[in-house]
Amino acid sequence: MATKIVSASVQGPLLVCEEGLSVWGGVNPSTGQIIDAHHPQHGRTLAGHIVMMPTSRGSCTGSGVLLGLAFAGSAPRALIFREGEDILTLGALIAGRLFGHAIAVLRLSAAEYDVLARETSAEITETHLKAGTHAWPLHPAGSAPLELTESDRAFLDGAHGEAARLAMEIIATMATAQGATRLTDVSRVHIDGCIYASPAFLTFARAMADKGGRVRVPTTMNAISVDHANWRAQGVSEEFGTPAAGLADAYVEMGARPSFTCAPYLLEDRPAAGEDIAWAESNAVIYANSVLGARTVKHADFMDLCIALTGRAARAGVYLEQNRAPRRIIDVTLPEGYDDAFWPMLGWLVGQAAPDRIPLIRGLEGTAPSDDDLKALCAAYGTTSASPMLHIAGITPEASLPPAPDADTTRVGCADFARLWDEFNQGAEQVDLVALGSPHFSASECAAFAALMDGTQTHPDVATIVTLGRGTLATITENGVKARLEASGVKIIPDLCWCSISEPVFPPSAKVLMTNSGKYAHYAPGLSNRAVRFGSLAQCAETARSGLAPSSPPDWIARQGH
């Protein structure tokens, strides 16, 4: 059945994306061109097209980027999905509801989607989707009415101010589209929309702050786009630094805590198993669900603030026990002698193998991954999968949930790691930048890198930079790790992370970077327009000293799959 999620009357050429797309990091925010170097439609543009994709994937920031594309005149005319999708749908809803930029959003059955994908253009009216000789009637989203409490209705009636009223209206509209029948209380929120990916982010936040928006539950903030206290000294232009800092200030004004980290699970007060929370930032969502056993869907930017202003979220998706079951079993052949690079590579490969469903990973029962290993795995998984969680047999807290009746099985083997190593290592051996902290480095990762660098110096032509949160910075300052890193020539930058960094903090002269992050290895070619090398933390330390990336893969890959 063809379902109308966001209404608009449009027509235009079809662009069929073979895979889901992270609009943030995968699309030029000014032109709409697909810049994700790993995507089959790399180089094509969303602008002016009716865009089809199975669902979106990757960053929660996609909603804000879509709004920015609308402001820039480079947005798609419509989005058509085959699976459920929230991030871009919310961006389209806000673009139309608050700012008058109409972007239609539809969801089709698999059969309808396949038929439409063979056409070259389409027209969407209030009542029908038309293409070639086909005409599908459009049905409204939501098969059951949304039950609102007396308190929910008070928000809609404006009892808590205009910003809270708008927030509840957006929550209720999206809840209906998600098929939710009621809302749930959440105990905390993590804001992702504080990254200044386009002026649209500041426009939205400033509008809600000026309408009197104030958070009602404890709310933390993601990494932002400048080192808030030091951006002027770092040479960042007023043109960028002022609105980027102003965006962060708008959320602080509304009562959010200036934690400025993309790894809120590293904060002392982290969620407990079974706790309903509302987090945005894809890696944090996946970690919270998978490793901590807390419950949150992958909330889009802007929805995070709406929930913070009301304390309410749609009870749908993985808030519900039955939706947390695995639907794909992935048997992993564990390479002999693997190092820490195994975990982010595994996350990326598992996401590719389960791009639209929750997987159960088997074959790692004899391993003992650290919290940092799981952090790296979850972050890389979020670049290739739209799913908000995963299970690892014998390791994660809900891995004993029975698989769904329709669950199937696939494998990840040594040859897959060899293929990915080649894909992640496209740059020249001479490296100008070692980029660590995507997601933000933990105190233990900082200590591990300090131990690898103790008594040695970074190469004079290699910038070596660690990004981290303010809480971690305080910890490593107190325990002496910060001084050890700086004595070896390592630069430490708080508030920013690699996915929000820009020149001149990102060294303008760097041509090739090296990272131990699967997430950044995926996004960096499009975000930074630099070539990438990837390796373990020890390899990153050696590259920081020598300026040269390893010329061949490590033994655990070369011996078994290369």
Side-chain angles (χ1 to χ4, degrees), residues 22-26 56-65 86-88 90-91 186 188-197 201 205 215 217-225 247-248 251 256-267 270-271 277-292 294-308 313 317-318 347 351 374-390 437-442 467-472 494-501 517-520 522-523 527:
S22 176
V23 172
W24 177 89
S56 67
R57 70 183 186 196
S59 176
C60 302
T61 306
S63 50
V65 175
D86 296 337
I87 293 172
L88 301 182
L90 179 66
V186 299
R188 65 183 83 199
V189 172
H190 183 68
I191 297 285
D192 187 58
C194 50
I195 295 174
Y196 187 70
F201 289 80
V215 304
V217 294
T219 301
T220 52
M221 291 174 65
N222 206 22
I224 58 175
S225 296
L247 174 61
Y251 281 104
R257 171 184 167 190
S259 51
F260 299 161
T261 180
C262 54
Y265 42 82
L266 297 178
L267 299 172
R270 65 186 200 172
I277 64 175
W279 278 9
E281 166 55 44
S282 60
N283 96 84
V285 168
I286 295 164
Y287 191 97
N289 282 312
S290 307
V291 181
L292 302 182
R295 302 189 173 205
T296 176
V297 303
K298 191 189 288 185
H299 288 293
D301 288 15
F302 307 149
M303 180 59 77
D304 47 14
L305 178 62
C306 292
I307 296 171
V318 292
L374 294 174
K375 173 165 78 81
L377 183 149
C378 289
Y381 172 75
T383 67
T384 49
S385 180
S387 170
M389 67 181 297
L390 53 80
S438 178
H440 274 165
F441 251 25
S442 66
T467 63
L468 39 59
R470 293 179 169 192
T472 300
D495 299 355
L496 290 160
C497 82
W498 288 101
C499 290
S500 65
I501 202 168
S517 165
K519 176 178 181 177
Y520 197 50
H522 179 96
Y523 284 129
L527 286 174

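Predicted model only: the values in this text are computed from it and were never measured.
Residues H440 and A223 share a closest heavy-atom pair of CE1-CB, 3.8 Å. Heavy-atom minimum distance, A278 versus I307: CB-CG2, 3.6 Å. Taking every heavy atom of both residues into account, V186 and V217 meet most closely at O-CG1, 3.6 Å. When all heavy atoms of S56 and A386 are compared, the pair lying nearest together is O-CB, 3.0 Å. Closest non-hydrogen pair, S500 versus I195, comes out as CB-CG2, 3.9 Å. Nearest heavy atom pair, residue T61 against residue A197, reads CG2-CB, 4.3 Å.
Looking at T383, its side chain never comes within 3.5 Å of a backbone N or O of K519 through a donor-acceptor pair. At distances below 3.5 Å, not a single donor-acceptor pair connects side-chain atoms of H299 with backbone N or O atoms of V285. Side chain of D495 to backbone of F260: no donor-acceptor contact under 3.5 angstrom is found.
One distance of note links CD1 of I191 with CG of D304; it measures 4.0 Å at 0.5 Å rounding. In this structure, NZ on K298 lies 10.0 Å from CG on D86, to the nearest 0.5 angstrom. To the nearest 0.5 Å, atoms CZ (R295) and CD1 (I277) are separated by 11.5 Å. For the atom pair C262 SG and M221 CE, the distance stands at 13.0 Å (nearest 0.5 Å). Between W498 atom CH2 and S438 atom OG the span is 9.5 Å, to the nearest 0.5 Å.
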* Start with the C-alpha distance between T261 and R470, add both sets of side-chain angles, then the distance that settles side-chain contact (heavy atoms from CB on, under 4.5 Å), and finish with yes or no. => CA-CA 7 Å; T261 180; R470 293 179 169 192; over 6 Å; no
* To do: Output, in order, the C-alpha distance, side-chain angles, deciding distance and verdict of side-chain contact (heavy atoms from CB on, under 4.5 Å) for E281 and T220.
  => CA-CA 11 Å; E281 166 55 44; T220 52; over 6 Å; no
* Asked: Taking it one step at a time, do N222 and W279 satisfy side-chain contact (heavy atoms from CB on, under 4.5 Å)?
  -> CA-CA 10 Å; N222 206 22; W279 278 9; over 6 Å; no
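Counting heavy atoms from C-beta on, the side chains of L377 and L390 come closer than 4.5 Å. Residues P264 and S259 have side chains not in contact (no heavy-atom distance under 4.5 Å, counting atoms from C-beta outward). A heavy-atom distance below 4.5 Å is found between the side chains of R188 and P271. L292 places a side-chain heavy atom less than 4.5 Å from the side chain of Y287. Under the 4.5 Å side-chain criterion, counting only non-hydrogen atoms from C-beta, Y523 is in contact with S22. The shortest side-chain heavy-atom distance between L468 and P494 falls under the 4.5 Å cut-off. When side chains are defined from C-beta on, L88 counts as touching V23, because their heavy atoms get closer than 4.5 Å. Taking 4.5 Å as the limit, some side-chain heavy atom of L305 sits within range of a side-chain heavy atom of Y251.
S63 and D301 are not linked by any side-chain donor-acceptor pair at a separation below 3.5 angstrom, with hydrogens and angles left out of the test. When only modelled atom types and interatomic distance are considered, N283 and Y265 share a side-chain donor-acceptor pair under 3.5 Å. Checked by atom type, the side-chain pair Y381/S387 shows a donor-acceptor distance below 3.5 Å.
Under the rule for a ring pair (Phe, Tyr, Trp, His ring centres under 6.0 Å), the partners of F201 that lie at least two apart in sequence or sit in another chain are F302. Residues satisfying the side-chain contact (heavy atoms from CB on, under 4.5 Å) criterion with V318, sequence neighbours excluded, are N289, V297, R324, I358, P388, M389.
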